[in-house]
Every structure is written in structure tokens, then in C-alpha cells.
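A short worksheet on the structure shown next.
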Number of protein chains: 2
Amino acid sequence: MTVTSAAATHADTLPRALYDFVDAYDRAYEAAATSQQLSVAQVCVLIRLDEKRGMSSLATELGCDASNITQIVARLESRGLVRREPSPTDGRARLIVRTADGDRTKARFDAAFEFARDVTARLSAQEREQLTSLLHKAMGA
Amino acid sequence: MTVTSAAATHADTLPRALYDFVDAYDRAYEAAATSQQLSVAQVCVLIRLDEKRGMSSLATELGCDASNITQIVARLESRGLVRREPSPTDGRARLIVRTADGDRTKARFDAAFEFARDVTARLSAQEREQLTSLLHKAMGA
DNA sequence: TATTGTTATACTCTATAACTATA
DNA sequence: TATAGTTATAGAGTATAACAATA
């Protein structure tokens, strides 16, 4: 998804601000992934491996098919960023583990994704609190 | 589905709220596209055709390669949602035009994308103004 | 020479269906 | 029977490179 937050006359409406903000976020996220030669999908898996876990758990959380996870994990594994271990409790399952190399790559991704830090830096403590609260409310939290 | 997704825990920090909000927005956007049998990329092109325009202009705005646009437009054209016209002023260029059917499909997409309307409905007038303003500031506007 | 757009190619994401091994 | 994961397959997005036609 992509957009131009063009300086439209007075596109000062909330829907437009939402669109532009999400677009900026998504672009920054993808750029950070690309900086580590990763796709967004690969990052989505990599960052969810702070603890070892099974594929079906990942598929559920990411809202995609299990066969999808198989392929993404296979690519991450071929690059040495994760590895598969047999589950000690379930003979069918495999646990995905992020390797030390994967840890370093994730850390570099985090460092490259400056967007959230920029947002934080541009707002006062009170504004940050306000924004956090408004976003929760906007989502129906 | 896209693997761009969300998570389960609920930390009250701004970075986390940003991530969750963008994830919710992206998922809703994709669902609206899917409801019209469109990909997100196809929607991105379709909604930018309120006026006829060339491919390179679209490629620049969307931040992708021109060959990419060629393919997306070809798929939209094969479904009758857009058509290509020769440019009257530049023999190399083609102008992309959204057809009447494309107009209707875009309108149905807009109707299906309820996210922004939901956000609006959940906030008071003052909160909407606050959020709009905070998002602009957060982006460095 | 530079630009507009296309074609060919290759890789990735994604879902569906069929399959295995295990529960 | 149901679940965890894989394989095969196919459609779509994406970029790069090479190309044609025009500016």
C-alpha cells in the first residue's frame, strides 16, 4: 500500500490523516526490512520468535495459512536466521527457534526502523500519552 | 491474508499502540479489497484514477517500478475496470482511464472499508481534531 | 540521449488441495 | 477423526534487465 501525503489544500480530515500516517508507517517498515534483505513477511515471523514456538501458532497469529509459514520459515532457515527443533511433547510439531544470527538481524531491523522513535521524539510526554489513548479508543479498546 | 500483523498482548506504550493500530488498519483495508476481488495493489491504482493519467506518474506516486504498473493495469484492464488511451500530446505515453465499471467497483470498495468510519464514530468531535493534529505532528508536518 | 512503456525473467507471498505422521 | 506440518501448484506483486518507440 502506498500513497502520497500530498499537500492537498485542506485535506485536514481525520480519514486522510489516518491514511497518510499508515502509509508512512508501512513504507518505513518495509524500508527497514529491505535494509536487512528481508521481506515484511519474514520480519513478521522473525520478530515473533522471542520464544520458541510452533508453526500453527504463528499462522494463527499472523492470520495466514500454515503452508505460508512453512515457506517463510524455510527461507529464514536457509539463511541461518531460525532453525527447527522437534517438539519434545508432540511428535507432529516442530518448534521454531531464532538463532544468534537471527537475534542480531532482528536487532539491526529494530535499529533501522526509526519511525516509531521519530514519532516519539516529535511529541511531548503528554502528547504521547494522548495519542496512545486516542489510538486505543479509536480501535474500540 | 497478509502477514503483516498483529499481536495479542497489550502494552500501554506508544510504539505498541502505533503497531497495533496500523495493523488493524491494514487488515481492514485488505479485507475491503478482497470483498471486491481486488488486491491491495490493484486498489491503490484504481483509487488514484479520478482523473486519467500516465503510468510513470502512477509508478512515481506509488514508489514502485513502472513494469509493476504495467502488470497491475493489465489485470485491471482485463476485468474492464480501466482502459488505456493513447496520449494526444506524447506518442510514447498512454493514459489510464477508470471505466464506469471501475467507478462502481471503487465505490463499493469505499463502502466496504469501514475502518475510518468506525474510528470517527468512536471519537468525539474534539478527539477527532486532537487525533488529526497529533498524527500530523507525529509525521513531522 | 533521455523518457515511456512493454516484455522476459526470477523471486517472494499467498491460498488451496492433497498428503504424512501423529494425537 | 482431528491436528501439525509439508509438498505441489497456481495467481499475483515486485524488481532488474533488455528492448522499442518517441521526445
Side-chain angles (χ1 to χ4, degrees), chain A residues 1-3 26-27 29-31 33-46 48-49 52-79 81-97, chain B residues 1-5 26-27 29-31 33-46 48-49 52-79 81-97:
Chain A
M1 149 133 133
T2 2
V3 159
D26 285 341
R27 286 181 190 243
Y29 203 87
E30 182 171 11
T34 299
S35 80
Q36 301 310 310
Q37 285 88 51
L38 292 169
S39 68
V40 169
Q42 288 167 350
V43 169
C44 284
V45 169
L46 200 61
R48 282 175 176 76
L49 292 173
K52 61 177 70 172
R53 57 192 297 190
M55 332 267 294
S56 63
S57 148
L58 281 167
T60 300
E61 183 170 320
L62 294 173
C64 70
D65 194 82
S67 63
N68 205 344
I69 300 296
T70 297
Q71 300 220 49
I72 294 168
V73 165
R75 287 179 192 116
L76 289 172
E77 190 175 36
S78 76
R79 284 183 51 184
L81 304 179
V82 307
R83 66 170 185 278
R84 275 179 268 220
E85 290 180 355
S87 164
T89 61
D90 187 335
R92 301 167 300 178
R94 307 248 203 140
L95 298 178
I96 312 306
V97 188
Chain B
M1 284 291 183
T2 304
V3 176
T4 313
S5 118
D26 285 342
R27 286 181 189 244
Y29 203 88
E30 182 173 12
T34 299
S35 80
Q36 301 308 310
Q37 285 88 51
L38 292 169
S39 68
V40 169
Q42 287 166 352
V43 169
C44 284
V45 169
L46 200 62
R48 284 177 176 74
L49 292 173
K52 61 177 70 171
R53 56 192 297 192
M55 331 266 295
S56 63
S57 149
L58 281 167
T60 301
E61 184 170 321
L62 293 172
C64 70
D65 193 82
S67 63
N68 205 345
I69 300 296
T70 296
Q71 301 219 49
I72 295 169
V73 165
R75 286 178 192 117
L76 289 172
E77 190 175 37
S78 77
R79 284 182 52 185
L81 304 179
V82 308
R83 66 170 185 279
R84 275 179 268 218
E85 291 180 355
S87 164
T89 61
D90 186 335
R92 301 167 299 179
R94 306 251 203 139
L95 299 178
I96 312 306
V97 187

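No hydrogens, no waters, no symmetry mates; every other heavy atom, side chains included, goes into these values. Because the structure is a prediction, the values reported are computed rather than measured.
The shortest distance between the side-chain N/O atoms of A/Arg84 and the OP1/OP2 oxygens of D/dT6 is below 4.0 Å. For D/dG13, one of the phosphate oxygens OP1 or OP2 lies less than 4.0 angstrom from a side-chain nitrogen or oxygen of B/Ser39. For the pair A/Ser56 and D/dT3, the criterion of a side-chain N or O lying under 4.0 Å from OP1 or OP2 is not met. Applying the 4.0 Å criterion to OP1 and OP2 of C/dC13, one finds that A/Asn68 has every side-chain N and O outside that range.
Of all nucleotides listed (C/dG5, C/dA15, D/dG5), C/dA15 comes nearest to the side chain of A/Gln71. Side chain of B/Asp90, nearest nucleotide from C/dA15, D/dA23, C/dC13: D/dA23.
Here the C1' atom of nucleotide C/dT14 and the CD atom of B/Gln42 are 14 Å apart, to the nearest Å. Between the CG atom of A/Leu38 and the C1' atom of C/dC13 there is a distance of 14 Å, given to the nearest Å. Atom pair B/Ile96:CD1 and C/dT4:P shows a separation of 14 Å (rounding to whole Å applied). Counting to the nearest Å, the P atom of D/dA18 and the CG atom of B/Asp65 are 14 Å from each other. The nearest whole Å value for the distance from the CZ atom in A/Arg94 to the C1' atom in D/dT7 is 13 Å. For A/Arg75 and D/dT14, the CZ to C1' distance is 13 Å, given to the nearest whole Å. We find that CD1 of B/Ile72 is positioned 14 Å from C1' of C/dG5, with the value rounded to whole Å. The CD atom of A/Gln37 sits 16 Å away from the P atom of D/dA15 (whole-angstrom rounding).
Once rounded to the nearest 0.5 Å, the distance linking CD1 of A/Ile72 with CG of A/Leu62 reads 7.5 Å.
Both A/Arg53 and A/Glu30 lie close to DNA chain D; mapped to their nearest nucleotides by heavy-atom distance, the more 5′-ward contact belongs to A/Arg53. Positionally, the nearest nucleotide of DNA chain C for B/Ala66 lies more toward the 5' end than for the other of A/Arg92 and B/Ala66.
Within the nucleic acid shown, B/Ile69 has no heavy atom closer than 4.0 Å to any nucleic acid atom. Among the atoms of the strands shown, base atoms are found under 4.0 Å from some heavy atom of A/Ser67.
Under a 3.5 Å cut-off, the side chain of A/Arg53 and the backbone N or O of A/Arg48 do form a donor-acceptor pair.
The minimum heavy-atom distance linking B/Arg94 with B/Arg84 is given by the pair NH1-CD, 3.6 Å.
Within a 6.0 Å radius of CD in B/Gln36, other residues, nucleotides and ligands contribute more than 12 heavy atoms.
Under the 4.5 Å side-chain criterion, counting only non-hydrogen atoms from C-beta, B/Leu95 is in contact with B/Pro88.
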